[in-house]
Number of protein chains: 2
Amino acid sequence: MIWNNERVDEMSDATIYDIARKAGVSIATVSQVINGKGKISDKRRQEIYRIIEELNYRPSVIASALTGKKTFTLGLLIPDISNPFFAELARAVEDCGSRSRYSLVICSTDNKDDKVSGYLQLLQQKSVDGIIIGTGLEDIGILKPLLNKSIPVVMIAREMPGVQLPTVIVDDYAGGKQAAEHLLELHHQRMAIITEQPKVSSSRERLRGYSDAILSRGFELPDEMVKKTGENLLKDGKSRALELLTDSNPPSAIFCCNDMIAIGTLQAAKELGIRVPEQLSIIGFDNTILAAVTEPALTTLSQPTEMMGSMAVEILIRLSEGESAALERTVLKPDLVIRSSTAAAGNRALDG
Amino acid sequence: MIWNNERVDEMSDATIYDIARKAGVSIATVSQVINGKGKISDKRRQEIYRIIEELNYRPSVIASALTGKKTFTLGLLIPDISNPFFAELARAVEDCGSRSRYSLVICSTDNKDDKVSGYLQLLQQKSVDGIIIGTGLEDIGILKPLLNKSIPVVMIAREMPGVQLPTVIVDDYAGGKQAAEHLLELHHQRMAIITEQPKVSSSRERLRGYSDAILSRGFELPDEMVKKTGENLLKDGKSRALELLTDSNPPSAIFCCNDMIAIGTLQAAKELGIRVPEQLSIIGFDNTILAAVTEPALTTLSQPTEMMGSMAVEILIRLSEGESAALERTVLKPDLVIRSSTAAAGNRALDG
DNA sequence: TTGAAAGCGTTACCAC
DNA sequence: GTGGTAACGCTTTCAA
């Protein structure tokens, strides 16, 4: 390699003992210098710093964690890091954490309970300082062993009924309502919804808000207008949309519980030759980068990912520093972003 | 919380001592049982397993790492986890790692050298078992302290000239060539390219391949047809595209070094009322989910992210298990995925 | 102002 | 088969 000619033999990383020996002091003194504790003469301090630089010494986080200090590592459980919404959320969490020198361990659970509990166990064994859960869970019993331990946990973008944990969430119910109201204002009457699996709390709430808003205006949301996807958001979204759109009495508007599903729906419409938004209005959720690049661009509900990520991290850090767990529940507002996938209700028969 | 009524007081996690005490044996015995070493009578073994279950004991990875065992943690350096290409790559790495119970620490560097070296230091201090670098670097000197240490490193999707490290990469040069050839077959002559910053090795190679292919057909790639973005791929991509398209002699085709830039270019074209692909062909790179959802859908070069991720992890694990560092360099082939953003060269003046 | 020593939770070697 | 104990690299307390 390029540095062939240089010494690469001192491979073993220096320890506090090496520093102490070289400086002719005890390891306690070195430790104090590093942690800015105790009273060390300026001369010694300088000298020790010099040697630390010289040997490129960095204290082992592992060893220090073993003495009861933090690992400066956080865990993030999400369904899938390759889903842009969660990638954006992860980025927010990472950024906020790294400002305080925390690292982030990513755990993609695919919404599978066994993956969740596997990751949870792993994170515990690794003594992370906190865990952020942003994934759905069928059996909350899985959390029990974790909650008996001392690791702080906060929920992000998801909730578990029956488990009280600090939570940072968007008002999904209100979001569903806003979606419905936007559509109602555009005079849609036959409205459908495609949700995620029922174990995803956010989807449940969005459905509830959507449904309530429709019902309160005297319209209805019949069962055949409510569809659920499985694991594969894009593919299943498209299939469900196909089902809806080939119904004998198809909807003029579909609310998709996230942008991925909305894209699947867009593809279904395209495949059937249905024009969006003229013949069909589609509204998504999350306002990921995807929503901005489709044609037509998606009307969607935007989540403040930045804010959610940093709030979750801040709570976790406070908790891990021993602050009493004020069982906070922060509910942020989603924002309706109107683009080009929604328009006044048309009539497919006339229009098409 | 829901489990209010139950004992939650034994908060302190059980240690090997608790198990040993309860089983009336020494910690050495417990350790041996856990690690399947030594000879322990079946009776004791069963009993110890039972107690482990009962106390929900899980050995501390921290403590075990301190005795020289692995941390079962890998680090991944990428420019930005919220960029779909890297999110997909991260997912591949995570999946492969988790099959062997490794966790993944994500580090978004924004292609900034100081972030890179900060993360590198952090990962070392945390004694990760290996580091995957998929981010550009201006000053490779930053890697020097790392390479002197004992942590295995592999490069993914990027290369550093002058640093020899095991590498898993796509043939970017060939990719650039394929892009050019596709465009040339469509009879384009005035062809442009928008690359990332020069410190991104993959962009440099794609440019080289593109340029070589064009030149070898007797056409040219004049300087004003070569643009570079900055940090913000989408925004800068759009600006650069705007510059190209408002040139007095605008290109009929633009090769964008990744899908994000291609989308910026698509937006620029839309803004100028230029029709794609009739008046302008656009070709991207990466084949992320984004390429499939734009309108028109992007012709792009697909990278085998799955394969790249798992190869990188496998090399790293082998290395961390002491296998001699065969300085492998795996070059995978990119695949041209033809969608709807490229077409035979038209004439904007006639056509528009 | 400094250092000796205990302790953190494991593993591994060597006696018994 | 089983257990005692040193060692891993660090922090912290207490004495000097």
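Naming: A, B, ... by sequence-line order, numbering from 1 per chain.
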Legend entry - B/T71 side chain to B/S127 backbone, donor-acceptor under 3.5 Å: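 At least one qualifying donor-acceptor pair exists.
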
Legend entry - Inter- and intrachain pairs under side-chain hydrogen bond (donor to acceptor under 3.5 Å, both in side chains), touching residues 32-45 of chain B, at least two apart: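 Every pair satisfying side-chain hydrogen bond (donor to acceptor under 3.5 Å, both in side chains) with a residue in residues 32-45 of chain B: B/S31-B/N35.
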
How long is the line joining [atom1] of [X] and [atom2] of [N], in whole Å?
X: B/E47; N: D/dG1; atom1: CD; atom2: C1'; result: 16 Å
X: B/I19; N: D/dT2; atom1: CD1; atom2: P; result: 17 Å
X: A/R21; N: C/dG3; atom1: CZ; atom2: P; result: 15 Å

Inset, instruction - Would you mind building the protein contact string for nucleotides 9-16 of chain D? One character per nucleotide, 5' to 3', B for base within reach (heavy atoms under 4.0 Å), S for sugar-phosphate only, - for untouched. - result: BBBB----

Inset, instruction - Please check if atom CE in A/M160 has more than 12 non-hydrogen atoms from other residues, nucleotides or ligands closer than 6.0 Å. - result: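 More than 12 within 6.0 Å, yes.
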
Legend entry - Side-chain touch A/Y119/A/T135, heavy atoms, less than 4.5 angstrom: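 Side chain of A/Y119 against side chain of A/T135, heavy atoms only: no contact under 4.5 Å found.
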
Legend entry - Step-by-step side-chain hydrogen bond (donor to acceptor under 3.5 Å, both in side chains) determination, A/K126 to B/S103: CA-CA 10 Å; A/K126 293 189 177 167; B/S103 323; 2.3 Å; yes

Inset, instruction - Can you pull out how bent the helix from C/dT1-D/dA16 to C/dC16-D/dG1 is, comparing the axes over its first five and last five pairs, to 10°? - result: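 Rounded to the nearest 10 degrees, the bend comes out at 50°.
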
Inset, instruction - Determine, for B/D95 against B/R91, whether the closest basic-nitrogen to carboxylate-oxygen distance falls under 4.0 angstrom. - result: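 Here B/D95 pairs with B/R91 in a salt bridge, since their nearest N and O are under 4.0 Å apart.
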
Legend entry - Test: B/R50 and B/E53 ion pair at under 4.0 Å: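 Here B/R50 does not pair with B/E53 in a salt bridge, since their nearest N and O are not under 4.0 Å apart.
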
Inset, instruction - Report yes if a side-chain nitrogen or oxygen of A/S26 is closer than 4.0 Å to either non-bridging phosphate oxygen (OP1 or OP2) of C/dA4; otherwise report no. - result: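 No, no such contact exists.
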
Inset, instruction - State whether A/R44 places a side-chain N or O below 4.0 Å from either non-bridging phosphate oxygen (OP1 or OP2) of C/dT1. - result: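 Answer no for this pair, as no side-chain N or O of A/R44 is under 4.0 Å from OP1 or OP2.
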
Inset, instruction - Give the intermediate values and the outcome of side-chain hydrogen bond (donor to acceptor under 3.5 Å, both in side chains) for residues A/E88 and A/T305. - result: CA-CA 7 Å; A/E88 287 169 22; A/T305 46; 4.7 Å; no

Inset, instruction - Find which nucleotide of DNA chain D each of B/G68 and B/V25 is nearest to by heavy atoms, and output the residue with the more 5' nucleotide. - result: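 Looking at DNA chain D, the more 5' nearest nucleotide goes with B/V25.
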
